[in-house]
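Here is the structure we will look at.
As the structure is a prediction and not an experimental result, all values here were calculated from the model.
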Amino acid sequence: MSTLAPRGAELADGPSLRELFGGILGDKYDKETNPNGMINIGTAENYTMIPEVSQYTQAHPVALTPNQLSYGEGPWGTPRLRHAMAHHMNKRFHPVIPIQPDDLLFANGVSTICELLGFSLASPSDAILMSSPIYQAFAVDFGTKAKVSTVHVSFPPGIDQFSPAAVAEYERVLLASQQPGGGPKIRALLLCHPHNPLGRPYPRETLIEFMKLCEKYQIHLLSDEIYAMSVYSTSPTPFESILSIPSSDSYISPHLLHVLYGLSKDFAAGGLRIGCLYTRNRPLWRAISAMSQFSWIPVASELLACSLLEDDEWLEGFFERSRRKLAEGREVAGRVLEEKGVPFFRGANAGFFLWVDLRGWLPAVASVASASEDGKVEGKKREKVLVDRMIEKKVFLTPGMDMFAEEPGFFRLVFSQEEDVVREGLRRVFEAIGV
C-alpha cells in the first residue's frame with residue numbers, strides 16, 4: 001500500500017527519466033578512455049561547441065561578492081542579466097519593437113518557463129496546441145505539475161506543415177475542441193521555430209497566419225526560438241524571429257504573443273540552466289514573477305551567462321564557428337545515411353538533428369502486438385524493438401513516437417558531434433537494424 005498522496009503515487013508509478021537516461025548519460029562513449037561506452041546521438045546538445053564554452057568560462061572565472069552569496073537581487077533575473085539578454089536579442093533577433101529588459105523573465109531552464117506558462121495561461125485539463133512531430137519534453141513540461149495536456153496537429157498528404165496552408169489544420173483541431181465532447185479547451189498554440197525535430201524555421205508568411213489565427217480565437221501564441229542562432233543554411237528557409245515581423249501588432253495583440261529562449265542550445269550551455277521568457281503581457285509577467293522563487297537561477301550561472309552575452313566579439317566568432325560545424329555535421333550524417341539507403345527529411349537547415357526514416361526496418365505487427373491493440377501503443381512497441389536493439393549495441397536515438405510522430409519508424413538523429421562519433425554511432429545503428 002502506497003504511503004504517498006495520489007499525485008505522488010501517480011508520479012512514482014509513471015515513466016522514469018532517471019531510469020531511461022541513467023544508462024545513457026552515465027556511460028558516455030570516449031574513443032580513448034571508454035570505447036565501449038554509450039554513444040548518445042539522440043539527445044540534442046551542441047556537443048562540438050561545448051569545449052569552446054568551457055575554455056571561455058575558465059578564462060573568465062566567476063568571483064562572487066558578499067551580496068551575491070546572499071539572496072542577491074531576486075529570482076527573476078538580475079538587472080545585468082536582463083540587460084545583457086535584451087542586448088543579445090535586439091542585436092540578433094531584429095525585433096520591430098526593441099526588447100526592454102523589463103520585458104524579460106528568467107528561470108532555471110526553458111522547461112521551467114513552459115511549466116510556469118502552463119500554470120499561468122491554463123487550468124488543469126486545458127491544453128496547448130502544437131505540431132506532430134515535436135520536441136518530446138513539452139508534454140512533460142506542461143503536464144507533470146501544471147496538469148496541462150498537449151494536443152497535436154496532423155497534416156494530410158500534400159500539406160507542408162511549414163506552409164501557410166497548414167495553419168488551416170490547426171484551426172480545424174481548434175474548432176473541433178470547441179464542440180461538446182471535443183476534448184480539452186485550448187489556451188495556447190506553441191511553435192518550435194526553428195522546428196525540433198524537423199530542423200526547419202517557419203517562413204514569414206506562415207508566422208503571420210499563426211498570429212492571425214491566435215488573434216481570431218484569442219489564444220496565446222508561444223514561439224520557442226531556442227535554436228535561433230543554430231541555423232546553418234538559409235535554404236530552404238532563413239530564420240526570422242516572430243518578433244521581427246513588420247506590423248506584427250496588426251496581426252496579433254501584444255498581450256497574446258510570447259517568445260521563449262535560453263542558453264542550452266545556441267550557447268552550448270545547458271548546464272547553466274538559463275531559460276528566458278519575453279512578454280509584453282504585464283499580468284502574465286506578474287503571475288510568473290509570483291512563482292519565481294521556485295525556479296531561481298544560481299548566481300554563478302547568471303554571472304557566467306552575463307559574461308557570455310556581453311562579449312559581442314567572442315559571440316560573433318562563436319556563432320559563426322558553430323554554424324560551420326553544424327553544416328559539416330549535417331553533411332557527414334546525410335552522406336552516411338545516403339550510402340546505406342536510409343531516407344531522412346531533407347528540408348533541415350537548423351538545429352542539431354535529422355529526422356530519419358527507419359520504417360522499412362520495423363518488425364512486423366504480429367511479432368510485438370495483437371491486431372486489436374491501440375495503434376499508438378502498437379507503434380511504440382514496434383519502435384521499442386529497434387530501440388532495444390540499439391541499446392544493446394550501445395547507441396541511442398530518440399524514437400519518433402516519443403515525439404508524437406503520426407506513425408512509427410521515425411527517429412531523431414543528433415549530428416552535432418565530432419565526425420568520428422557520428423560515424424561510429426551510425427555504424428552501431430546500422431548493425432542493430434541489420435543494414
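Annotation: Arg321, atom CZ; neighbour count of heavy atoms from other residues, nucleotides and ligands within 6.0 Å is above 12.
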Next on the checklist: The test is ring-ring contact (aromatic ring centres under 6.0 Å, His included); show your working for Tyr227 and Phe239 and say whether it passes.
Outcome noted: CA-CA 10 Å; Tyr227 291 99; Phe239 171 77; over 10 Å; no
Next on the checklist: ring-ring contact (aromatic ring centres under 6.0 Å, His included), that's the test. Do Phe267 and Phe318 meet it? Break it down for me.
Outcome noted: CA-CA 9 Å; Phe267 291 77; Phe318 176 81; 7.0 Å; no
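Electrostatic pairing of Lys265 and Glu45 does not count as a salt bridge here, judged by no charged N lying under 4.0 Å from a carboxylate O. The pair Asp388-Lys381 fails the salt-bridge criterion, with no side-chain N (NZ, NE, NH1 or NH2) lying under 4.0 Å from an Asp/Glu carboxylate O. The pair Arg187-Asp126 counts as a salt bridge, with a side-chain nitrogen and a carboxylate oxygen less than 4.0 angstrom apart. The existence of a salt bridge linking Glu209 and Lys212 is confirmed by a sub-4.0 Å separation between a basic side-chain nitrogen and an acidic carboxylate oxygen. Look at Glu10 and Lys147 and you find a salt bridge, because one of the NZ, NE, NH1 or NH2 atoms lies within 4.0 Å of a carboxylate O, short of that distance.
Proximity of Leu105 to Trp285: side-chain heavy atoms (C-beta onward) are separated by under 4.5 Å at one or more points. Leu397 is not listed as a side-chain neighbour of Arg412, based on a closest heavy-atom distance of 4.5 Å or more. A heavy-atom distance below 4.5 Å is not found between the side chains of Ile39 and Phe396. Side-chain atoms of Leu222 and Leu189, non-hydrogen and from C-beta on, never get closer than 4.5 Å to each other.
Under the 3.5 Å distance criterion, with hydrogens and angles disregarded, a donor-acceptor pair is assigned to the side chains of Ser131 and His195. Side-chain contact, Tyr261 with Asp224: no donor N or O sits under 3.5 Å from an acceptor N or O. In this structure, a donor-acceptor pair under 3.5 Å is absent between the side chains of Asn349 and Arg330. In this structure, a donor-acceptor pair under 3.5 Å is absent between the side chains of Asn108 and Ser295. Counted by atom type alone, Thr150 and His152 present one or more donor-acceptor pairs between their side chains at under 3.5 Å. Side-chain contact annotation: Glu169 with Ser154, donor-acceptor N/O pair under 3.5 Å absent. In this structure, a donor-acceptor pair under 3.5 Å is absent between the side chains of His220 and Asn281. Side-chain contact of Asn67 with Ser70: a donor-acceptor pair under 3.5 Å is absent, judged by distance alone.
Expressed to the nearest 0.5 Å, how far CG of Leu326 lies from OG1 of Thr48 amounts to 6.0 Å. Note that NZ of Lys325 and CE of Met49 are 5.5 Å apart. Values are rounded to the nearest 0.5 Å. In this structure, Leu207 CG and Ile242 CD1 are separated by 5.0 Å, a value rounded to the nearest 0.5 Å.
In this structure, Arg280 contributes its side chain and His255 its backbone to no donor-acceptor pair below 3.5 Å. Using modelled atom types, one side-chain atom of Asn90 and one backbone atom of Ala86 make a donor-acceptor pair closer than 3.5 Å. Listed for the Arg382 side chain is a donor-acceptor partner under 3.5 Å among the backbone atoms of Pro363. Between the side chain of Ser292 and the backbone N or O of Ile288, at least one donor-acceptor pair lies under 3.5 Å. Using modelled atom types, no side-chain atom of Ser120 and backbone atom of Leu117 make a donor-acceptor pair closer than 3.5 Å. Under the 3.5 Å distance criterion, the side-chain polar atoms of Glu215 are left unmatched by any main-chain donor or acceptor of Leu256. No donor-acceptor pair under 3.5 Å is formed between the side chain of Ser244 and the backbone N or O of Glu240.
Pairs of residues two or more places apart, or lying in two chains, that qualify as ring pair (Phe, Tyr, Trp, His ring centres under 6.0 Å) and include a residue from residues 114-144 are Tyr135-Phe138. Annotation: side chain to side chain donor-acceptor pair (under 3.5 Å) contacts involving residues 299-308, sequence neighbours excluded, comprise Tyr56-Ser307.
Between Tyr202 and Phe162, the angle of the ring planes lies from 30° to 60°, which puts this pair in the tilted group.
The one candidate from His88, Lys91, Arg92 that meets the side-chain hydrogen bond (donor to acceptor under 3.5 Å, both in side chains) condition with Asp312 is Arg92.
Residues meeting the side chain to side chain contact (heavy atoms under 4.5 Å, CB included) test with Arg346, sequence neighbours left out: Glu338, Phe344.
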